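Report on the structure given below.
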Amino acid sequence: MNDAETKSATVKARLPRGLADRTPTDIAATNRMMAAIREIYELYGFEAVETPFIEYTEALGKFLPDLDRPNEGVFSFQDDDDQWLSLRYDLTAPLARYVAEHFDRLPKPYRSYRAGFVFRNEKPGPGRFRQFMQFDADTVGSASVAADAEICMMAADTIEKLGIKRGDYVIKVNNRKVLDGVLEAAGLGEGQNAQKLIVLRAIDKLDRLGPEGVRLLLGAGRKDESGDFTKGAELAPAAIQRILDFTAARASDNAGTLERLRKTVGDSARGLEGVAELATMADLFGTAGYGDGRVVIDPAVVRGLEYYTGPVYEAELTFEVKDENGRPMRFGSVGGGGRYDGLVARFRGEPVPATGFSVGVSRLLAALTAIHSPIVAGEAQRGPVVVLVLDKDQVARYQGFVSALRAEGIRAELYLGSAGMNAQLKYADRRRSVCAIIQGSNEREKGEIIVKDLVLGAQVANAAKDMDRAEYLALKERQQTTVAEADLVRAVRETLARHG
RNA sequence: GCCACCAUAGCUCAGUUGGUUAGAGCGCCGGAUUGUGGAUCCGGAGGUCCCCCGUUCAAGCCGGGGUGGUGGUACCA
């Protein structure tokens with residue numbers, strides 16, 4: 001095979017878009033985040049459960065019966081019996097399936113948490129991935145808004161536990177029933193679900209498009225800068241104004257917001273029920289001390305998902321995140337949730353109230369990385385002790401040093417490459433090893449080994465940039481100690497102890 | 001899906017009105033030191049200039065088409 005053929009036969013190493021490899025640093029940062037979240041969730045009395053990545057598509061509610069295939073947004077494939085399977089796109093639908101399947105043996109209300117990757121076949125962007133990690137907590141079997149309020153407060157605790165300061169985030173709360181009431185008052189009744197959905201999506205864009213953009217979407221439609229036209233909800237001007245009043249109803253405090261909401265829903269019974277729920281939650285927040293800006297009622301929050309039936313919540317970072325070119329990055333919410341009283345009922349036929357919250361771990365990690373947060377910028381782990389190979393015919397002897405260290409529980413490895421001493425030390429440096437073990441013929445004849453302290457060496461090198469070579473070499477000598485082979489473990493222990 | 005912009009070494013980029021053998025910095029590998037990483041100096045490897053077609057004596061550069069990427073927008077069940 002000539003070069004050209006070799007080249008064309010080579011597979012290009014590339015990752016599909018929207019997916020990411022995780023480096024040791026990423027993994028360590030994620031683990032720290034997960035541990036923090038778990039600690040709060042368990043403190044609140046939630047217990048762990050885990051479901052698989054794959055579910056029947058119909059269990060996820062993503063099968064399109066009219067088209068006889070799953071929704072495009074989910075990764076799907078057919079089993080050998082032709083049944084459609086899908087990768088889960090969130091952790092809520094699989095939980096609903098789990099609870100329905102094991103209903104009789106679960107304590108009710110059932111409080112559980114779970115973490116894992118979810119998959120969405122959508123166009124990726126900054127903070128948007130096709131595989132990403134979520135960390136959810138849900139209470140199934142309680143219709144009380146106390147369950148919703150608790151989850152909002154836990155969300156606040158969780159975000160803070162992740163090292164985000166009070167004031168740098170906010171948990172926004174709204175209620176779908178209030179929105180329903182507003183739509184009712186605006187003349188949109190039961191049968192107009194398609195239009196309701198358009199309204200929902202339009203309100204969801206409020207932060208990007210502003211009230212005027214949303215007004216267009218609620219009316220005839222909106223043409224964006226690129227000339228693309230989005231069809232609107234075709235509502236009457238009075239109805240549009242009522243909806244915009246609703247989204248702008250947030251006042252300086254929760255009591256003021258509730259007062260405005262009462263006016264906006266008019267005499268819609270459902271709307272008033274929603275306002276009453278929000279009032280009860282506001283009381284709970286106030287009593288628990290979360291009414292200080294950590295949890296606020298914000299009617300502009302609706303969330304895009306259809307299945308929410310009552311309170312909805314969203315966790316937002318309030319500081320601006322910029323990319324390396326200084327441009328602001330749009331991350332969206334770093335968590336959210338709400339009440340979904342209908343999801344379990346799909347499996348059981350009887351209503352089972354449920355509410356839950358989801359932390360977008362991947363998105364949060366991306367945001368924290370972008371601002372160089374110390375939570376995610378922790379030092380990479382120290383590497384193992386590296387035993388150098390100076391004489392290739394002495395490998396067995398070197399391997400013996402490695403075994404002796406491992407037997408004492410000290411992480412150690414034999415250099416397995418083929419490079420010279422220089423490169424071997426570079427390797428140990430790259431591995432962030434604390435020390436390297438060196439034995440050439442001179443030492444071997446005396447039954448000795450050298451323990452070279454790489455951390456101390458780095459410190460000396462930094463402080464010694466402009467000394468002459470002789471001085472530099474003299475200092476270098478101090479970074480290594482020569483001991484008898486029998487003292488190997490003791491000498492390594494001392495070196496490790498010096499650097500924590 | 002629609003719109004805009006972009007594509008030259010592992011990375012960030014330069015490359016003249018179209019003109020021989022396409023460059024820099026960083027990184028990587030090696031040496032200076034029988035046998036000592038990170039500083040310094042020296043050397044080396046590394047390229048289908050995204051692909052195809054066209055214009056031309058001549059294309060990294062011009063034209064057309066494609067592919068890929070980025071951003072916005074839509075969709076996000």
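Everything numeric here is computed off the predicted structure, so don't read it as measured data. Each chain gets a letter, A, B and so on, in the order the sequences are listed, and its residues count up from 1.
Across all strands, A:Ala436 comes closer than 4.0 Å to no nucleic acid atom at all (heavy-atom distances). Counting any heavy atom pair closer than 4.0 Å across all strands shown, A:Asn442 reaches a base atom. Counting non-hydrogen atoms under 4.0 angstrom, A:Lys231 reaches nothing in the nucleic acid. Here A:Tyr89 lies in heavy-atom contact (under 4.0 Å) with a base. When heavy atoms are screened at a 4.0 angstrom cut-off, A:Leu60 is found touching no nucleic acid atom at all.
Other residues, nucleotides and ligands place more than 12 heavy atoms under 6.0 Å from the CD atom of A:Glu234.
A donor and an acceptor atom never sit less than 3.5 Å apart when one is taken from the side chain of A:Gln439 and the other from the base of B:rG35. At a cut-off of 3.5 angstrom, the base of B:rU73 holds at least one donor-acceptor pair with the side chain of A:Lys123. The base of B:rG35 is not paired with the side chain of A:Lys452 by any donor and acceptor separated by under 3.5 Å.
Phosphate proximity of B:rG72 to A:Arg128: absent, as no side-chain N or O sits under 4.0 Å from OP1 or OP2. Within the structure, every side-chain polar atom (N or O) of A:Arg120 is placed at least 4.0 Å from both OP1 and OP2 of B:rC75. In this model, the phosphate group of B:rG72 is not approached by any side-chain N or O of A:Arg208 to a distance below 4.0 Å at OP1 or OP2. Using a 4.0 Å cut-off, some side-chain N or O of A:Asn422 falls inside it from OP1 or OP2 of B:rG37.
Under 3.5 Å, the side chains of A:Arg120 and A:Gln131 contain no donor-acceptor pair of N or O atoms. Using modelled atom types and a 3.5 Å distance limit, the side chains of A:Thr495 and A:Asp453 yield no donor-acceptor pair.
Under the ring pair (Phe, Tyr, Trp, His ring centres under 6.0 Å) rule, A:Phe135 has a single partner from A:Tyr113, A:Phe117, A:Phe357, which is A:Tyr113.
Annotation: A:Tyr89 is not in aromatic contact with A:Phe119 [ring centroid separation under 6.0 Å not met].
As rounded to whole Å, 17 Å separates atom P of B:rC2 from atom NZ of A:Lys223. For A:Ile438 and B:rU33, the CD1 to P distance is 18 Å, given to the nearest whole Å.
Take the nearest nucleotide of RNA chain B for A:Ala423 and for A:Tyr427: the residue whose nucleotide is more 5' is A:Ala423. Both A:Leu15 and A:Thr230 lie close to RNA chain B; mapped to their nearest nucleotides by heavy-atom distance, the more 5′-ward contact belongs to A:Leu15.
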Secondary-structure notation, RNA chain B, from Watson-Crick and G-U pairs under 3.5 angstrom (| other strand) = (((((((..((((.....[...)))).(((((.......))))).....(((((..]....))))))))))))....
